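Predicted model only: the values in this text are computed from it and were never measured. These values consider heavy atoms only, across backbone and side chains, with no hydrogens, waters or symmetry-generated copies.
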Amino acid sequence: MTDSQQEEPRGELVIRTLAMPADTNPAGDIFGGWLLAQMDIAGGVLARVKGSGRVATIAVDSMVFHSPVFVGDVVCCYAEIKRIGRTSITVHIQAWALRDAAGERVKVTEGVFTYVAIDENRRPRPVSE
């Protein structure tokens, strides 16, 4: 059993989605950009709640792909606040895949995303907690 299979997801389950054939790369695995987008959505949802309003992604500070995602996997994104600044929120996000009927859970990727709180004019605004 690998380390990622022994550990538990960190943070709050924010989104869950099914990997579909249309999301594959030429090799038949789920395209990394699709997975990154799901993680960005999850982080944005959490940052919006914690920041009490609209946020925009300003950085993907790190990304590590541990294992491929396959068609039929249920991708679960867990997010936790890493840091809250004056106008920014940094979120650590893990993506886990639920595989087959046995319910095997595998950490497939993780990353650190930074969002900035913005006002109606798309200008940075203070994060209100």
Side-chain angles (χ1 to χ4, degrees):
M1 193 175 259
T2 67
D3 288 341
S4 68
Q5 290 170 319
Q6 292 174 350
E7 76 176 281
E8 292 293 316
R10 288 184 11 213
E12 173 183 339
L13 176 61
V14 181
I15 64 169
R16 185 181 295 190
T17 190
L18 182 64
M20 300 293 287
D23 306 318
T24 59
N25 62 23
D29 297 326
I30 296 301
F31 179 57
W34 177 85
L35 186 53
L36 187 137
Q38 302 310 306
M39 294 172 71
D40 189 25
I41 291 167
V45 167
L46 184 61
R48 180 181 178 131
V49 170
K50 296 295 183 188
S52 301
R54 190 171 179 185
V55 297
T57 309
I58 59 167
V60 178
D61 300 310
S62 69
M63 224 28 216
V64 178
F65 292 91
H66 298 288
S67 182
V69 176
F70 305 114
V71 170
D73 284 352
V74 175
V75 175
C76 304
C77 293
Y78 295 82
E80 64 180 346
I81 301 297
K82 188 171 177 182
R83 178 176 127 6
I84 297 178
R86 192 179 77 73
T87 63
S88 66
I89 300 170
T90 302
V91 181
H92 179 257
I93 305 159
Q94 292 183 337
W96 290 72
L98 297 175
R99 299 213 159 117
D100 60 50
E104 177 188 13
R105 182 170 59 189
V106 178
K107 182 168 70 171
V108 291
T109 196
E110 62 187 312
V112 176
F113 292 61
T114 301
Y115 303 86
V116 67
I118 57 175
D119 64 17
E120 61 279 348
N121 297 313
R122 295 186 173 91
R123 296 280 191 215
R125 64 168 173 81
V127 172
S128 43
E129 293 189 70

When rounded to the nearest 0.5 angstrom, what is the spacing between CD1 in Ile58 and CD1 in Ile118?
11.0 Å
Nearest-0.5 Å distance that lies between atom CG in Leu35 and atom SG in Cys77:
6.5 Å
Verify side chain to side chain contact (heavy atoms under 4.5 Å, CB included) between Arg54 and Arg122, making sure each step is shown before the conclusion.
CA-CA 9 Å; Arg54 190 171 179 185; Arg122 295 186 173 91; 3.5 Å; yes
d(Ile41 CD1, Met39 CE) to nearest 0.5 Å is 11.5 Å
If you measure from CG on Leu36 to CZ on Phe65, what distance do you get to the nearest 0.5 Å?
6.0 Å
Step through the shown structure and confirm whether more than 12 heavy atoms of other residues, nucleotides or ligands are within 6.0 Å of CZ on Phe31.
no
Short question: side chain of Tyr78, backbone of Gly11 - any donor-acceptor pair under 3.5 Å?
no
Under 4.0 Å between a Lys/Arg side-chain N and an Asp/Glu carboxylate O for Glu8 and Arg105?
yes
For Arg83 and Ser88, what are the C-alpha separation, side-chain angles and deciding distance, and is it a side chain to side chain contact (heavy atoms under 4.5 Å, CB included)?
CA-CA 8 Å; Arg83 178 176 127 6; Ser88 66; 4.1 Å; yes
Donor-acceptor contact present, side-chain Asp73 to main-chain Val75, <3.5 Å
no
Look at atom CZ of Arg48 and say whether more than 12 heavy atoms of other residues, nucleotides or ligands are closer to it than 6.0 Å.
no
Check whether any side-chain heavy atom of Glu80 lies under 4.5 Å from a side-chain heavy atom of Gln94, and answer yes or no.
no
Between Tyr115 (side chain only) and Val45 (backbone N and O only), is there a donor and an acceptor less than 3.5 Å apart?
no
Side chain to side chain contact (heavy atoms under 4.5 Å, CB included) between Asp29 and Phe70, intermediate numbers included:
CA-CA 5 Å; Asp29 297 326; Phe70 305 114; 3.6 Å; yes
Side chain to side chain contact (heavy atoms under 4.5 Å, CB included) test vs Lys82 passes for just one of Ile93, Val112, Ile89, Asp61, namely Val112
